Trainee: 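The structure's right below; bear with me while I get my questions together.
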Amino acid sequence: MRILSQNPVTDPSTVLYRRCVVDLETGTASQEDVPCKNLEDVLGGFGRSYQILAERKITEAYCPENPLILNIGILTGSTVMTGLRAYFSSYSPLKQSRKGLPSAMWSAGSGNFGNKLKWTGLDEVIFENRSATPVYAVFSEGENGPQVEIKPAAHLLGLTGHEKIMTLHSEYKDAHFAVIGPAGENFNNVYMGAIVLSTDNQLKSGEGKSRFAGRGGMGSMMGYKNLIAIVARSSDKMGKITPDMRDVNRDVIKNGGSARFQPVSQGGHGGTWANIDVLQAFHAVPENNFRPKGDEDVAGLFRPNVEKDFDVHSEACFRCGIRCHNNLYHRNADGSRGALAAKFDFEPLILFGSNIGINDSRQVTELIHLCDYLGMDAISLGTTISYVLDYNARHPDQPLCDGVVFGQFDQIRELIVQTGRGKLSEIGRGVKRLSEQTGETSYAMHVKGLELPAYLPETNPAYAFAIAGGHMSMGTHMYLAKEGKTGLDDWVEVITRQGLLQVGYDMIGLCKFVGVGMGHELISRAISEATGLNVSSGEIVAAVRRAYLRGLALELRQGYEDDEYTLPGQVFENPNPNVTLPAFVTREFFAEMKLRVWAIFKPEMEGLLPE
């Protein structure tokens with residue numbers, strides 16, 4: 001990125017980003033410096049990529065005209081703590097409107113891949129068309145600028161995501177990697193393929209400590225394009241940390257938002273795993289397809305109980321002081337730490353645990369590990385499997401998938417293997433399509449075709465206005481449990497003001513675990529110190545808001561109708577009496593909430609898309 005002035009709001013064209021366009025059909029590449037059109041372009045991430053997607057009229061995800069956009073945020077590769085993120089955007093094979101049109105989607109991942117891409121000299125790569133044969137792309141720093149190579153990838157086919165990364169690492173020691181697993185290779189039958197990102201911990205230890213850009217099937221898009229892997233090669237160009245930047249990073253670590261993700265031993269809550277304690281107090285931890293039973297069966301997944309079987313070790317991403325990863329290791333016979341079992345975050349822990357009737361942490365770790373290696377989105381896969389189990393419980397005489405039911409570990413494990421290898425399209429294509437085939441949609445846990453994360457829909461009516469991942473693009477998933485708010489005014493306010501700003505982190509390159517709002521002075525300080533740009537908190541918030549609303553406008557352009565902005569029918573038709581949080585989401589409440597939200601959003605959406 002070239003910065004020619006310090007005022008990107010009044011003259012964004014004085015900030016230029018380096019774009020590479022790769023034509024996979026011909027194997028050629030071109031590069032140019034592109035002047036920014038607005039502050040969203042300057043900040044980057046989906047704020048920029050959605051403007052590119054808005055210029056394309058795409059009616060089918062798997063078509064050559066649908067680009068796969070790889071970019072970074074303005075703080076990726078900087079000395080700001082957590083500035084690691086890379087973003088992948090496209091029209092999704094998984095998320096689509098009732099009219100059958102694919103929705104724009106992005107997915108974000110950490111590791112050191114985003115940094116390495118930045119340090120090659122590139123800010124954005126657009127993969128156009130489709131290769132006739134499997135290939136991988138190599139981006140390298142060169143004396144005269146970034147270098148691009150397209151290489152055959154047949155030798156990588158069939159390998160797990162981790163195996164692909166380690167194979168490439170044996171050849172490219174100075175690189176980091178974004179690859180697909182077998183699921184992405186089988187894109188026709190798996191729409192939930194993830195992109196697997198390498199980490200320093202993984203490359204040094206040889207263990208499967210990958211990170212994932214999972215949501216929306218971006219790995220399946222790579223598979224469609226026959227792009228099996230992306231390699232980013234560069235030297236370490238992390239700048240020197242100035243005294244002012246040291247203050248920024250100190251505040252990142254010490255602010256209350258990020259502190260809760262620190263290890264328990266440091267006074268934190270131990271990452272997102274701690275959400276299980278908060279929610280179980282209200283019997284709001286998802287069980288048996290998002291239907292809590294009102295019992296204590298989930299106790300087997302509480303940290304003290306898991307620590308009886310595993311050595312739990314907190315680790316961090318590259319040069320990050322927030323040790324949010326809870327890596328579980330087997331114990332050797334002598335009590336020492338053994339091999340990696342899995343990484344425990346709240347989402348996979350619940351969706352491959354209590355939500356499918358499994359509360360044995362040893363079995364849960366195996367399912368998580370398997371999903372990761374095959375390269376699938378844990379949220380979409382776990383939520384779709386729970387629908388199958390629920391359907392079978394309701395239809396024992398005409399079941400799906402050989403009649404597997406809640407709690408059957410071996411059979412569920414086989415479902416994951418078969419799905420990841422492309423042999424179970426009814427699961428691999430997601431819960432929306434499956435439920436429409438069975439004719440039973442009320443307990444299919446998705447909104448607008450994207451499976452729900454591990455938070456009950458009856459506790460979060462704002463899911464309807466999430467434009468990407470349900471809890472990552474609308475920051476309201478713990479609002480009821482922590483704030484206790486049930487009023488219309490409260491929910492309209494949180495959706496239209498604070499909640500939508502969650503997406504800002506997927507523009508600027510920082511991790512959401514920084515834990516402050518986009519309007520916090522820490523964000524503007526970080527941008528100023530890293531780039532020299534003068535951008536106020538208010539200007540950042542305005543740009544994030546426009547980017548969110550552009551995403552919402554894109555949904556409407558792709559055919560979403562008002563009644564698709566809803567929750568699973570079970571929420572309204574059959575409230576769960578076992579959940580002790582207030583049951584406030586009635587059809588009347590929801591309808592009025594939507595009217596008021598649209599009344600605020602729609603006037604602001606005018607003019608955000610090209611004619």
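Fair warning: this is a prediction, and the values are worked out from it, not measured in the lab.
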Trainee: Quick one: does T272's side chain have a donor or acceptor within less than 3.5 Å of a partner on F346's backbone?
Mentor: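 Such a contact is found between T272 side chain and F346 backbone.
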Trainee: Determine whether L94 and S103 make a side-chain contact, defined as any pair of heavy atoms from C-beta on separated by less than 4.5 Å.
Mentor: no
Trainee: If every non-hydrogen atom of L349 is compared with every non-hydrogen atom of V364, which pair is closest and at what distance?
Mentor: O-CG1, 3.8 Å
Trainee: Quick one: ring pair (Phe, Tyr, Trp, His ring centres under 6.0 Å) partners of Y373, sequence neighbours excluded?
Mentor: H162, H369
Trainee: With sequence neighbours left out, which residue pairs that include part of residues 491-501 fulfil the side chain to side chain donor-acceptor pair (under 3.5 Å) condition?
Mentor: none
Trainee: Could you go through the side-chain contact (heavy atoms from CB on, under 4.5 Å) check for F352 and I358 one step at a time?
Mentor: CA-CA 7 Å; F352 290 123; I358 294 176; over 6 Å; no
Trainee: Assess whether atom CG of D563 is packed by more than 12 heavy atoms of other residues, nucleotides or ligands within 6.0 Å.
Mentor: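 Atom CG in D563 is crowded, with more than 12 foreign heavy atoms closer than 6.0 Å.
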Trainee: Sequence neighbours excluded, which residues qualify as side-chain hydrogen bond (donor to acceptor under 3.5 Å, both in side chains) partners of N289?
Mentor: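 Testing N289 for side-chain hydrogen bond (donor to acceptor under 3.5 Å, both in side chains), a comparison that skips the adjacent residues, returns S386, D390.
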Trainee: Do F589 and L488 have side chains that approach each other closer than 4.5 Å (heavy atoms only, starting at C-beta)?
Mentor: yes
Trainee: Supply the atom-to-atom distance S361 OG to E307 CD, rounded to the nearest 0.5 angstrom.
Mentor: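 Output value for this atom pair is 10.5 Å.
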Trainee: Looking at A462, is its backbone amide N or carbonyl O close enough to the side chain of T476 to form a donor-acceptor pair, meaning the two atoms are under 3.5 Å apart?
Mentor: no
Trainee: Spell out, as yes or no, whether a donor-acceptor pair under 3.5 Å connects the side chain of N66 to the backbone of A61.
Mentor: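 Yes: the side chain of N66 pairs with the backbone of A61.
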Trainee: Sub-3.5 Å donor-acceptor pair from the side chain of Q398 to the main-chain atoms of H395, do we have one?
Mentor: no
Trainee: Keeping to residues at least two apart or across chains, list the salt bridge (Lys or Arg N to Asp or Glu O under 4.0 Å) pairs with something in residues 586-600.
Mentor: D489-R596, D562-K594, E573-R587
Trainee: Could you measure the distance from the OH atom of Y560 to the OH atom of Y565? Nearest 0.5 Å is fine.
Mentor: 7.5 Å
Trainee: After noting the C-alpha distance and the side-chain angles of F465 and L500, does the key distance pass the side-chain contact (heavy atoms from CB on, under 4.5 Å) rule?
Mentor: CA-CA 8 Å; F465 288 97; L500 68 85; over 6 Å; no
Trainee: Start with the C-alpha distance between T441 and S435, add both sets of side-chain angles, then the distance that settles side chain to side chain donor-acceptor pair (under 3.5 Å), and finish with yes or no.
Mentor: CA-CA 5 Å; T441 60; S435 66; 5.6 Å; no
Trainee: Are any non-hydrogen side-chain atoms of L480 and F282 less than 4.5 angstrom apart?
Mentor: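 Side-chain contact under 4.5 Å: no.
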Trainee: Per the side-chain hydrogen bond (donor to acceptor under 3.5 Å, both in side chains) rule, which among S380, S107, S92 passes with R215?
Mentor: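 Single side-chain hydrogen bond (donor to acceptor under 3.5 Å, both in side chains) partner of R215 among S380, S107, S92: S380.
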Trainee: So do the side chains of V405 and L389 get within less than 4.5 Å of each other, counting heavy atoms only?
Mentor: no
Trainee: Tell me whether R291 is salt-bridged to E287, with the criterion being a basic N under 4.0 Å from an acidic carboxylate O.
Mentor: no
Trainee: Which heavy atom in S110 sits nearest to a heavy atom in L197, and how many Å separate them?
Mentor: O-CD1, 3.4 Å
Trainee: How long is the span from the CD1 atom in I180 to the CE atom in M376, to the nearest 0.5 Å?
Mentor: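 It is 12.5 Å, given to the nearest 0.5 Å.
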Trainee: Under a 4.5 Å cut-off applied to non-hydrogen side-chain atoms, are M445 and P457 in contact?
Mentor: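 The answer is yes; the side chains approach within 4.5 Å.
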Trainee: Within 45 degrees of the axis of the six-membered ring of Y191 and under 6.0 Å from its centre: does R433 put its NZ or CZ there?
Mentor: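 R433 over Y191 ring: no.
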Trainee: Using a 4.5 Å cut-off on heavy atoms from C-beta on, say whether the side chain of L101 contacts that of Q96.
Mentor: no
Trainee: Closest heavy-atom contact between L581 and A481?
Mentor: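 The pair with the smallest heavy-atom distance is CD2-CA, 4.1 Å.
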Trainee: Which pairs pass salt bridge (Lys or Arg N to Asp or Glu O under 4.0 Å) with one or both residues in residues 540-559, sequence neighbours excluded?
Mentor: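 Qualifying pairs: E40-R546, E40-R550, K95-E555, K448-E555, R545-E604.
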Trainee: Could you tell me whether the side chain of P102 reaches within less than 4.5 Å of the side chain of Q558, counting heavy atoms only?
Mentor: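 Side-chain contact under 4.5 Å: yes.
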Trainee: For Y391 and T438, which heavy atoms make the closest approach, and how far apart are they?
Mentor: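 Smallest heavy-atom distance, with atoms named: CE1-CB, 3.7 Å.
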Trainee: Are any side-chain N or O atoms of Y87 and backbone N or O atoms of S49, one a donor and one an acceptor, separated by less than 3.5 Å?
Mentor: no
Trainee: Just do the side-chain contact (heavy atoms from CB on, under 4.5 Å) check on R362 and E366 with the steps written out, would you?
Mentor: CA-CA 7 Å; R362 292 163 296 185; E366 186 170 342; over 6 Å; no
Trainee: Do side-chain atoms of T459 reach the backbone of L456 as a donor and acceptor pair under 3.5 angstrom?
Mentor: yes
Trainee: For H520, what residues pass the side-chain hydrogen bond (donor to acceptor under 3.5 Å, both in side chains) criterion, not counting sequence neighbours?
Mentor: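 Checked H520 against side-chain hydrogen bond (donor to acceptor under 3.5 Å, both in side chains); zero matches.
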Trainee: Nearest 0.5 Å, what's the CZ-CH2 distance between F344 and W273?
Mentor: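 One gets 5.5 Å once the value is rounded to the nearest 0.5 Å.
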Trainee: How about Y443 and N574: do any of their side-chain heavy atoms sit closer than 4.5 Å?
Mentor: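 No. Closest side-chain heavy atoms not under 4.5 Å.
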Trainee: Output the distance between atom CG (D345) and atom CG (N275), rounded to the nearest 0.5 Å.
Mentor: 10.5 Å
Trainee: What's the separation between atom CE in M605 and atom CD1 in I600, rounded to the nearest 0.5 Å?
Mentor: 13.0 Å
Trainee: Apply side-chain contact (heavy atoms from CB on, under 4.5 Å) to residues F310 and N327 and explain how you reach the verdict.
Mentor: CA-CA 9 Å; F310 293 98; N327 286 326; over 6 Å; no
Trainee: Looking at T419, T384, N189, which hits side-chain hydrogen bond (donor to acceptor under 3.5 Å, both in side chains) with R429?
Mentor: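 Among T419, T384, N189, the one meeting side-chain hydrogen bond (donor to acceptor under 3.5 Å, both in side chains) with R429 is N189.
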Trainee: Could you tell me whether a side-chain N or O of N392 sits under 3.5 Å from a main-chain N or O of L400, the two making a donor and an acceptor?
Mentor: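 Judged by distance alone, yes, a pair lies under 3.5 Å.
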Trainee: Could you pull out all residues at least two apart from C401 that satisfy side-chain contact (heavy atoms from CB on, under 4.5 Å)?
Mentor: V388, V404, L415, L424, E426, I427
Trainee: Decide yes or no on side chain to side chain donor-acceptor pair (under 3.5 Å) for S354 and N359, but give the supporting numbers first.
Mentor: CA-CA 6 Å; S354 60; N359 294 293; 4.7 Å; no
Trainee: With A104, which residues qualify under side-chain contact (heavy atoms from CB on, under 4.5 Å), at least two apart?
Mentor: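 A104 satisfies side-chain contact (heavy atoms from CB on, under 4.5 Å) with Y50, L53, Y91, L554 only.
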Trainee: Quick one: does Q280's side chain have a donor or acceptor within less than 3.5 Å of a partner on A299's backbone?
Mentor: no
Trainee: Which heavy atom of T82 sits nearest a heavy atom of C511, and at what distance?
Mentor: OG1-N, 3.1 Å
Trainee: Quick one: side-chain contact (heavy atoms from CB on, under 4.5 Å) partners of E347, sequence neighbours excluded?
Mentor: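 L351, I379, P453, A454, Y455, H471.
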Trainee: My understanding is that only residues two or more places apart in sequence, or in another chain, count here; which of them pass side-chain hydrogen bond (donor to acceptor under 3.5 Å, both in side chains) with N326?
Mentor: R303
Trainee: How close do F584 and K485 get, counting heavy atoms only, and between which atoms?
Mentor: CZ-O, 4.4 Å
Trainee: For Q502, check side-chain contact (heavy atoms from CB on, under 4.5 Å) against everything at least two apart and list the hits.
Mentor: H477, K512
Trainee: Kindly list each side-chain donor-acceptor pair under 3.5 angstrom involving residues 216-224, sequence neighbours excluded, with atom names and distances?
Mentor:
from, atom 1, to, atom 2, distance (Å)
S220, OG, V190, O, 2.7
S220, OG, G193, N, 2.9

